[in-house]
Colleague: 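Below is the structure I would like to discuss, written out as structure tokens.
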Amino acid sequence: MQPPSTTTGTGREAEGRPAKQDLTTRALLRVVDLPGGPGRLALITLDNGDPRRPTPLSPAAMESLSAALDEAERAGVVAVALTGKPGFFCAGADLKRIGELRERSDALATATQGHEVFRRLGEMSVPTFAYVNGLALGGGLELALHCTYRTVSTSAAALGLPECYLGLVPGWGGTFLLPHLIGPDAAVDVMIGNALANNRTLRGAQAAQVGIADVAFEPADFLEQSLRWTSQVLRGEVTVERGSADRSDAAWEAALAKGRALADARVHGAAPAPYRALDLIALARTADRDTAFAAEDEALGDLIMSDEARASIYAFHLVQRFAKSADGAPPKELARKVTKVGVVGAGLMASQLALLFLHRLKVPVVLTDLDDARVQKGLGFVRAGIDELHAKGRLSADGRNRLNALVSGSTDKAAMADADFVIEAVFEDLEVKRTMLRELEPLLREDCVIATNTSSLSVTAMSEVLTRPERMVGFHFFNPVAVLPLVEVARTPATDDATLATAFAVGRELKKTCVLVRDAPAFVVNRVSTRLFCEVMRAIDEGMPLLDAEHALDPLGLPMSPLRLAALVGPAVMLHVAESLHEAFPDRFAVSPNLQRWVDAGSPDLVTRKGAVELTPQAEGVFVQGRSAVSREELLQRVQDALADEVGLVLDEGVAASPQEVDVCLILGTGHPLFLGGITPYLDRTGASERVRGRRFLPPGVASAG
């Protein structure tokens with residue numbers, strides 16, 4: 001979109017060189033006449049020449065922006081404004097380059113360059129405006145915060161400060177500017193709460209609501225509206241009022257206490273970044289700008305060189321890479337078109353799958369089960385889910401009606417006769433599944449893909465009852481299906497390329513990240529996670545107090561302790577997976593007698609949180625323990641060594657092809673934090689890899705500082 005009355009330098013880069021399509025972000029300056037006559041405005045657009053990719057800030061981009069500001073100061077304008085290419089304001093620091101820095105002096109220079117360039121926007125002789133037309137993350141949002149005023153497009157999909165999620169801190173002014181702009185409480189929500197909630201971001205309207213932006217405009221004429229609003233501000237017709245947020249000493253203390261509680265709940269002290277950010281927010285209460293920015297420089301210099309940040313950056317890029325394409329997947333051209341989906345089963349997992357396929361693929365979906373009561377219950381879940389999507393604004397009224405018309409149920413598997421893709425999610429018992437497959441296959445077209453959502457059983461053993469085993473594939477989702485982005489795609493020796501390609505194509509349409517695994521008991525995620533859980537249960541069986549076991553793994557910073565995760569997933573499910581793995585690998589996976597007692601007792605809650613963690617009355621007397629209690633430190637090392645052993649075996653057996661695949665599986669399947677790097681960088685830096693395997697999983701420097 002072109003601004004009105006361009007008078008000089010249209011499309012001209014500030015340095016006087018033509019813009020190149022080489023993905024280097026450049027600051028392109030134009031001088032425009034503002035509507036209504038207040039004068040001319042220098043409009044700087046950040047653009048890296050690729051309409052599909054976010055716009056990062058490298059050192060060269062910073063130099064280009066600084067040069068554009070130099071030219072703006074010489075242009076005799078009444079204001080300066082920044083915006084971005086369509087859909088993207090600015091993505092912040094170039095993480096790839098940050099991950100390559102090897103000296104603290106270089107890390108410190110990265111921090112200071114950002115402050116030196118950005119702070120000019122808050123110290124110019126004329127007002128500065130940020131027209132946030134799209135994504136603005138990290139340093140991109142900090143760039144806007146330095147401006148005097150901010151407009152935002154209601155279509156902007158991602159605004160936030162994700163640095164703590166990546167093992168860093170907002171280091172280009174954010175920890176000082178944001179709490180003074182929107183108050184310490186809201187600033188802690190953005191910098192700590194949202195960042196540690198898997199990088200939750202704000203939409204444009206939300207950013208205006210919390211006070212990050214002064215006004216929000218619709219996307220259709222966002223630039224024109226922003227220019228018009230700028231004129232109104234400069235002419236005094238609009239007065240921007242701020243300052244309603246509580247900035248009292250009590251408010252600062254309460255916000256910092258909330259931030260510490262959020263950090264403790266999310267990372268358990270295992271990652272330094274959120275605590276360092278809280279220190280900077282605390283400093284911002286009384287420090288001047290120079291002091292606060294210098295402290296940010298030092299913090300960023302330290303954290304860029306930390307193993308946690310390097311592991312986070314490694315993991316971040318890993319997740320992005322696998323989201324685009326999976327290693328080992330067949331050519332996309334081999335995939336068959338899917339125009340109808342069948343779901344065998346109508347229980348909770350099957351119903352979640354049906355809702356996901358319906359919402360994403362928008363094709364007919366039919367559920368089947370043994371009786372009509374179960375079918376109707378499953379359909380009720382799906383229709384309630386459709387209503388919820390509509391209520392959240394993710395479906396229009398017409399969209400809701402269309403999806404309701406596309407879903408159906410039946411007790412007759414022949415309702416799937418014309419399906420292109422059928423996924424089973426019946427009871428997790430091999431013979432139950434084999435019996436069902438014998439009945440199902442004759443009813444289906446010969447080219448219909450048959451997928452199983454099994455979490456621990458052999459896909460190969462299931463497929464042996466089929467006349468065409470080449471059309472069967474493991475397609476393992478994680479609970480809750482709508483939230484966790486991983487699908488383990490398990491190939492049997494018989495699975496053909498067309499089946500596999502179709503599975504990957506469906507996964508992409510479902511907006512899931514698919515990782516190819518070899519068919520083996522529990523695949524990757526459940527196998528590695530169960531090995532960890534078995535070590536914890538072994539320690540409890542020996543006599544370790546439950547509350548010690550609850551916290552022994554806090555240094556891993558896992559989003560949920562093993563006991564809490566077992567309570568969420570269900571002790572019976574954990575028992576079943578442990579039994580399956582014990583059958584396959586009896587020397588490494590033991591079935592805990594106390595886990596069996598827990599299930600036999602009706603799976604009562606073991607721990608509750610009411611200020612402090614304590615045993616629930618229902619759990620008293622459930623466990624029978626020995627008298628050889630290990631310490632928390634001993635259990636932590638046991639778990640580290642067990643994980644190093646199991647991950648190594650998963651790789652040796654070819655269940656996963658690389659440490660990177662194991663890492664992305666654990667990040668996306670169980671929520672392993674980025675600062676662990678998944679798991680292999682953590683095992684390398686704690687020495688567990690070398691203790692157990694005699695070698696690292698990853699070369700030094702790949703996911704570590706050195």
Colleague: Looking just at side-chain N and O atoms, do Y149 and T230 make a donor-acceptor pair shorter than 3.5 Å?
Modeller: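 Result is no, nothing qualifies.
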Colleague: By side chain to side chain contact (heavy atoms under 4.5 Å, CB included), which residues pair with A186, not counting sequence neighbours?
Modeller: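 If we apply the side chain to side chain contact (heavy atoms under 4.5 Å, CB included) test to A186, skipping adjacent residues, the hits are I182.
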Colleague: Enumerate donor-acceptor pairs with a distance under 3.5 Å from any side-chain N or O in residues 258-266 to protein atoms, sequence neighbours excluded.
Modeller:
unit_1	atom_1	unit_2	atom_2	d
K258	NZ	D185	OD1	2.8
K258	NZ	D185	OD2	3.3
K258	NZ	D189	OD1	2.7
K258	NZ	D189	OD2	3.4
D264	OD1	Y275	OH	2.7

Colleague: Which residues pass the ring pair (Phe, Tyr, Trp, His ring centres under 6.0 Å) test with F675, sequence neighbours left out?
Modeller: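 Partners of F675 by the ring pair (Phe, Tyr, Trp, His ring centres under 6.0 Å) criterion come out as none, since no residue qualifies.
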Colleague: Run the side-chain donor-acceptor check on residues 84-97: report pairs under 3.5 Å with partners two or more places apart or on a different chain.
Modeller:
unit_1	atom_1	unit_2	atom_2	d
K85	NZ	N48	OD1	2.4
K85	NZ	D50	O	2.3
K85	NZ	R53	O	2.4
D94	OD1	K96	N	3.2
D94	OD1	R97	N	3.4
K96	NZ	E100	OE2	2.8
R97	NH1	T110	OG1	3.3

Colleague: Which pair of non-hydrogen atoms, one from A287 and one from A292, has the smallest distance, and what is that distance?
Modeller: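 For A287 versus A292, the nearest heavy atoms are CB-N, 4.2 Å.
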Colleague: State which residues pass side chain to side chain donor-acceptor pair (under 3.5 Å) with K362; sequence neighbours excluded, sorted by chain then number.
Modeller: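 Side chain to side chain donor-acceptor pair (under 3.5 Å) list for K362, sorted by chain: empty.
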Colleague: Who passes side chain to side chain donor-acceptor pair (under 3.5 Å) against Y165, sequence neighbours left out?
Modeller: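 Checked Y165 against side chain to side chain donor-acceptor pair (under 3.5 Å); zero matches.
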Colleague: Is it true that E224 and R228 make a salt bridge, defined as a side-chain N closer than 4.0 Å to a carboxylate O?
Modeller: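 Judged by the 4.0 Å cut-off on N to carboxylate O distance, E224 and R228 do not form a salt bridge.
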Colleague: My understanding is that only residues two or more places apart in sequence, or in another chain, count here; which of them pass ring pair (Phe, Tyr, Trp, His ring centres under 6.0 Å) with F316?
Modeller: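 Partners of F316 under the ring pair (Phe, Tyr, Trp, His ring centres under 6.0 Å) test: none.
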Colleague: Give the minimum heavy-atom separation between V78 and P38, together with the two atoms involved.
Modeller: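 The pair with the smallest heavy-atom distance is CG1-O, 3.6 Å.
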Colleague: List for me each residue that meets salt bridge (Lys or Arg N to Asp or Glu O under 4.0 Å) alongside D288, sequence neighbours excluded, and say none if there are none.
Modeller: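 In terms of salt bridge (Lys or Arg N to Asp or Glu O under 4.0 Å), with neighbours along the sequence ignored, D288 is linked to no residue.
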Colleague: Who pairs with F118 by ring pair (Phe, Tyr, Trp, His ring centres under 6.0 Å), at least two apart in sequence or on another chain?
Modeller: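 Partners of F118 under the ring pair (Phe, Tyr, Trp, His ring centres under 6.0 Å) test: H146, W172.
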Colleague: Under the rule for side chain to side chain donor-acceptor pair (under 3.5 Å), what residues qualify as partners of D70, not counting sequence neighbours?
Modeller: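 Scan of D70 (side chain to side chain donor-acceptor pair (under 3.5 Å), adjacent residues dropped) gives R120.
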Colleague: So, using ring pair (Phe, Tyr, Trp, His ring centres under 6.0 Å) as the criterion, who are the partners of H180 when residues are at least two apart?
Modeller: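 Only F176, W252 meet the ring pair (Phe, Tyr, Trp, His ring centres under 6.0 Å) criterion with H180.
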Colleague: Going by distance alone, is a donor N or O of one side chain under 3.5 Å from an acceptor N or O of the other, for T45 and T83?
Modeller: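 Short answer, no.
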Colleague: With sequence neighbours left out, write down each residue that passes side chain to side chain donor-acceptor pair (under 3.5 Å) with S248, or none if nothing qualifies.
Modeller: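 Partners of S248 by the side chain to side chain donor-acceptor pair (under 3.5 Å) criterion, ordered by chain and then number, come out as D246.
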Colleague: Hey, are the side chains of L34 and R40 touching, using non-hydrogen atoms and a 4.5 Å cut-off?
Modeller: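 Heavy-atom side-chain distance check fails, nothing below 4.5 Å.
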Colleague: So which of T128, L41, L29 actually passes side-chain contact (heavy atoms from CB on, under 4.5 Å) with V80?
Modeller: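 Single side-chain contact (heavy atoms from CB on, under 4.5 Å) partner of V80 among T128, L41, L29: T128.
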